[in-house]
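The figures here come from the full heavy-atom set of this structure, side chains too, leaving out hydrogens, waters and symmetry mates. The structure displayed is predicted, hence computed values, not measured ones. The sequence lines fix the lettering, A, B, ..., with proteins before strands; numbering per chain opens at 1.
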Number of protein chains: 2
Amino acid sequence: MDLFTTKGYAATSLREIAEALGINKASLYYHFRSKEDILLSLFEDRGSEAEELVTWLQDQPPGPGLLQTAVMRWVGSFSADKLRGIRFLTANPLVLRGTDSAAGDRISASLTQLVDSLEPLLPSRTGADVVLLRMAILSINAAVEAAAGTDIPDQDILDAAHRAANRLLAEIGRS
Amino acid sequence: MDLFTTKGYAATSLREIAEALGINKASLYYHFRSKEDILLSLFEDRGSEAEELVTWLQDQPPGPGLLQTAVMRWVGSFSADKLRGIRFLTANPLVLRGTDSAAGDRISASLTQLVDSLEPLLPSRTGADVVLLRMAILSINAAVEAAAGTDIPDQDILDAAHRAANRLLAEIGRS
DNA sequence: GTCTATACGGTGATAGAC
DNA sequence: GTCTATCACCGTATAGAC
């Protein structure tokens, strides 16, 4: 994942991966069936958080503060150890869409489903408000990208993402 | 640029580019010396806005509102026709760093210089505040990414970015 | 300016010995 | 499980005719 994040998935060859592991290139094919299989194995157990939030959301009574609660619950579900996955995704934004494999679609689909569940809760639903909502949801990604290249600690990045999400939510509907 | 944005730079072959242009693959080498040359030609005249803002900034008298003014000036300098470049950059975040060519470095370097000029204006300068500042500067990018896959008009995306930048600036120092 | 033809290297992937 | 050897393929890039 480190190689995919720093060099990009397409630009990382199996030779480099094998080299980093100290084994031969052909030995990779004993553990994985293809290069894409290596990629998907890194995200096997991911994508469940969004689905859980969606089901949680369906059990909640609709109210004025539900949107804020749900988004902050989502943003708050990220801990420092999950930033590695975020960093990979921001470095390879197109790669999951190109897999057309089950695991690849699951992550993007679950996030789409989350957005679809939250958009109806918007008071106004203008174009800009929809963007602001999505920005709030993706504030973790934006914070990671903003801090790329610096040596800012992960906890500060998470703090900034939380505060940004709060502010963006407060801006919704104020056009 | 459309091909590089939708498929990714590395995943786009010269054959596809030639096909889209209706010419032969080899004919490309009459107009460009290499694939990287095609990429850099798309950004020949870019990167100057950030430099202009930095020089403008140096002539301004320091004051409490200078940070906000400068960031909003930066965010406001983006019009709808510049979003194509932003979309390319968000789809290919690693590609400019890998060129080690003059034009490639110039864009990222100018943005780094902008950040370096603005950070000293921060009141507190904690880790989270630095991230928030950088998020405000990159709010255009974040808005474009948030709206990816939707049919939201460019003007709404720009509106959301402006409002987001304002909110993020207001959050700085409030830890 | 555009074409055909080709060189050359690296890629993902396979076969089979150990 | 790991290796050597090899494969077909596709990538960028070049040579040279028209």
Among the nucleotides D:dT2, C:dA5, C:dG1, whichever has the atom closest to the side chain of B:His31 is C:dG1
Closest to the side chain of B:Asn24, out of D:dT14, C:dT14, C:dC3, is C:dC3
Of C:dC3, C:dG12, D:dT12, the nucleotide closest to the side chain of B:Ile23 is C:dC3
Is there a side-chain contact between A:Arg134 and B:Glu145 in this structure, where contact means two heavy atoms from C-beta onward sitting under 4.5 Å apart?
no
Taken to the nearest whole Å, CZ/A:Arg33 to P/C:dA13 is 11 Å
A:Leu21 atom CG is separated from D:dT2 atom P, nearest whole Å, by 10 Å
**Item:** A:Asp129 versus A:Ser124, side-chain donor and acceptor atoms under 3.5 Å
**Value:** yes
To the nearest angstrom, the CD1-P distance between B:Ile17 and D:dA13 comes to 11 Å
- Message: Between A:Trp56 and A:Glu51, is there a side-chain heavy-atom distance shorter than 4.5 Å?
- Response: no
query: Within the structure shown, what part of the strands sits under 4.0 Å from B:Ser27 by heavy-atom distance: base, sugar-phosphate, or nothing?
result: base
From CG of B:Asp37 across to C1' of D:dT14 the rounded distance in Å is 16 Å
Would you check if B:Val144 and B:Leu89 make a side-chain contact, meaning some heavy-atom pair closer than 4.5 Å? no
| Side-chain touch B:Val71/B:Leu168, heavy atoms, less than 4.5 angstrom | no
Practice problem: May I ask you to verify if any side-chain N or O of A:Tyr30 is less than 4.0 angstrom from the OP1 or OP2 atom of D:dT2? | Solution: no
### Query
Hey, does the side chain of A:Arg15 come within less than 4.0 Å of C:dT11's phosphate (OP1/OP2), counting only N and O?
yes
Atom CZ of A:Phe32 and atom P of C:dT11 are separated, to the nearest Å, by 19 Å
Between NZ of B:Lys25 and C1' of C:dT2 the distance, given in whole Å, is 15 Å
Separation of C:dG12 atom C1' from A:Leu28 atom CG, nearest Å, is 11 Å
Whole-Å distance, B:Leu14 CG to D:dA13 C1', equals 9 Å
